[in-house]
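Any value given below was found using the heavy atoms of this structure, including those in side chains, with hydrogens, waters and symmetry copies removed. Source: prediction; values computed, not measured. Just so we're on the same page: letters track the sequence lines, and every chain starts at 1.
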2 protein chains.
Amino acid sequence: MRDVAQLAGVGIKTVSRVVNGEPNVSPATAERVRQAAASLHFEPDLHAGNLRRADRRSRTLGLLVSSVANPFAAQVHRAIERVAIEHGYAVLAASLEDDPDAELRAVTALARRRVDGFVVTPVRDDQAYLRLHVERGTPLVCVDREPHGIETDTVVTSNVEGARDAVRHLLAHGHRRIAFLGDLERIQTAGQRRQGYLDELAASGIDVDPALIVLGLHDDASATAVARRLLTLPDPPTAIFSGQNLVTIGAIRALQQLGLEHDVALVGFDDVETSDLLKPRVTTVSQDADRIGRLAAERVFARLDGDTSPPRHLVVPTRLVVRGSGEIRAPLAAPADVG
Amino acid sequence: MRDVAQLAGVGIKTVSRVVNGEPNVSPATAERVRQAAASLHFEPDLHAGNLRRADRRSRTLGLLVSSVANPFAAQVHRAIERVAIEHGYAVLAASLEDDPDAELRAVTALARRRVDGFVVTPVRDDQAYLRLHVERGTPLVCVDREPHGIETDTVVTSNVEGARDAVRHLLAHGHRRIAFLGDLERIQTAGQRRQGYLDELAASGIDVDPALIVLGLHDDASATAVARRLLTLPDPPTAIFSGQNLVTIGAIRALQQLGLEHDVALVGFDDVETSDLLKPRVTTVSQDADRIGRLAAERVFARLDGDTSPPRHLVVPTRLVVRGSGEIRAPLAAPADVG
DNA sequence: CAGTGACTTGACAACGTTGTCGGGCGCGAG
DNA sequence: CTCGCGCCCGACAACGTTGTCAAGTCACTG
């Protein structure tokens, strides 16, 4: 900037004014400055300016997603970035791979880079440590999962309701023995989806068979193994509700291996890519990742714009997408019932 | 930092020394400083330090990916981030959605934030404008596509060879009428894959039917429409080579709609999620996105470490993954041949 | 013609940190 | 005892920018 000022024959502050579009610069001077800046390929240093600027905004958002392996996270990222760009913001992203230590490291890294706001997918058991940053004026929005130890804006999927929808759908097609395959228990959404499953069965007065409930599945291989085991029980489930997309893929593979994909019903939580190319096509409870990301980003910017209202907890509804696998009817009378 | 110094009863520079692990601080003082820093929850401002620091490193990498809708880009991103973290770096990412203007905007945004290096998926026709940044010492590595107008490190997939492999595979299964469905012509990889297709056919002395070559497909809907049209020609192709994953999905849908998925062979470039759950399972030419991302990041860090050797052009080979759809044999004699 | 106000401009301090340098102190050697 | 050297430590300038403020110019008014 000093060089630009010298070349244009003006003071350094005048260059600053032109670069930032401040008023009170004569058109002739402004033009000379612009020429000089262009010929030197000057790019202002955002962070240096930040140091002195009144608003102290780095115009950068910090984003922590659970796992990049998950297309859901990629879509949330994309939606956030779109909103960020509209506000002239860039996004510093870090993927946590569901590692609690990575969460801490990433928050520190972002704090040192003075991001203006955090969008976090909680992984640790406790997010109280984030209070510090919030108290210092860095807004925090949690997505996908509710945080612990801190009251803040959240944007989550209606996990319990979505799971109930799935189970209700299966019940309506005559199923009574419905298995639930879920992700690691420490992941909050896994627990909520199981809760929805239990709630809906309870509401329909159906006894729950604990043997049909398996949690702790985090990849498709383990899901395949467990699904195979359940399906070869003496009294197997007539339907499966899988609580996460990799688990759904594992369940499909198991069904295919046993040749049961047209006999046992399946509803998966969260979309599976190409789910409509499979046979049968896969019925899913779809999450609106785009909306979740958009709302989260908008919450951050609202807080940055001075919104000090109490924390909001936004719940984005799911949508049951009927494609075929969930509409397979239960056998008219299960052996156990006939007894 | 001033506050920490006051609380610890030391000079501000001593705090700096402790925070940065510089030598020549007595253990007692260091401990007092650490206590003070912890009790004030002090986080150093990386960018302020940067301003004065000798190496002038923001410890941030800038990444431009073509489109987040693409799982390939997500995987590249992930691999780069992993290497970045090992080096204590964070990643500022921007997705371009294959919009040439977005490329310019994103580069400017990253340059103003003083990233230490760029990893760019070229979208524009000309990357000469990036020379400025390279000359100023910001290394640039291009991934997935070769840049124009600038000599720099590149990491790309062996598109031509991969396409030849795919076509050779189909030829070996008796096919002579092989359609090629490709992405937008302005996307370099699309052209290279078509070139591989043409090369392999030429090498085998097979006449190319221009009616079987369609480019400009960027989503699955248009690919479905085009594939349907080709398959209902009077003299349809007996095999399809699709040059991108969304196009592959479109082709599969068309085949399914026409009930031809077990009669017409298909090989797709780039992986399709759940490709092994489809019937038939989809044979693909897989790209090693993880390796591409890793190599790109390592090139950036090598340049940052002072490597001034001539630009390297790394080519990551593809792998033909045989799953079923590409092994469907051509009808023994096509009507045209019998003629 | 003096006074007024609007507009334009630059000198200077400040932001939070690191590099430089010099001062003080303790200890071993002469 | 004195000198010298090494280790600790802090004052100060500097990084590239913006906020503050005062000075300068000019046209217009009374």
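Backbone-only engagement by Asn20(A) is indicated by non-hydrogen atom pairs under 4.0 Å involving sugar-phosphate atoms exclusively. At the heavy-atom level, Val10(A) lies under 4.0 Å from the strands shown only through sugar-phosphate atoms. Across all strands, Ala54(B) comes closer than 4.0 Å only to sugar-phosphate atoms, never to a base (heavy-atom distances).
Asn24(A) places its CG atom 12 Å from the P atom of dA6(C), with the value rounded to the nearest Å. Summarising the geometry, the separation between CZ on Arg17(B) and P on dG19(C) is reported as 11 Å, rounded to the nearest angstrom. In this structure, Ile12(B) atom CD1 and dG19(C) atom P are separated by 13 Å, rounded to whole Å. If you take CZ of Arg2(A) and P of dC12(C), they are 13 Å apart, rounded to a whole angstrom.
Comment: Arg299(B) engages Asp153(B) in a salt bridge, judged by a side-chain N to carboxylate O separation of less than 4.0 angstrom. Between Arg312(A) and Asp307(A) there is a salt bridge, with a side-chain nitrogen of the basic residue lying less than 4.0 Å from a carboxylate oxygen of the acidic one. A salt bridge between Arg145(A) and Asp183(A) is absent, with no side-chain N of the basic residue lying under 4.0 Å from a carboxylate O of the acidic one. The pair Glu97(B)-Arg78(A) meets the salt-bridge criterion, since a charged nitrogen lies less than 4.0 angstrom from a carboxylate oxygen.
Between Ser95(A) and Glu81(B), some side-chain heavy-atom pair lies under the 4.5 Å cut-off.
Contacts with DNA chain C (heavy atom under 4.0 Å) in residues 110-117 of chain B: none are found. Contacts between residues 26-46 of chain B and DNA chain D, defined by a heavy-atom separation under 4.0 Å, are made by Ser26(B), Thr29(B).
No donor-acceptor contact under 3.5 angstrom links the side chains of Thr157(A) and Asn159(A), judged on distance only.
Using modelled atom types, one side-chain atom of Asn50(B) and one backbone atom of Arg57(B) make a donor-acceptor pair closer than 3.5 Å. With hydrogens and angles disregarded, no donor-acceptor distance shorter than 3.5 Å links the side chain of His41(A) to the backbone of Ala37(A). Proximity of a side-chain donor or acceptor of Thr138(B) to a complementary backbone N or O of Val134(B) within less than 3.5 Å is not detected.
Nearest heavy atoms, Ala190(B) versus Leu184(B): CB-O, 3.5 Å. In this structure, Leu46(A) and Arg53(A) approach most closely via the heavy-atom pair O-NH2, 3.7 Å.
Contacts between chain B and DNA chain D, taken as any atom within less than 4.0 angstrom of a protein heavy atom, begin and end at dC8(D) to dG16(D).
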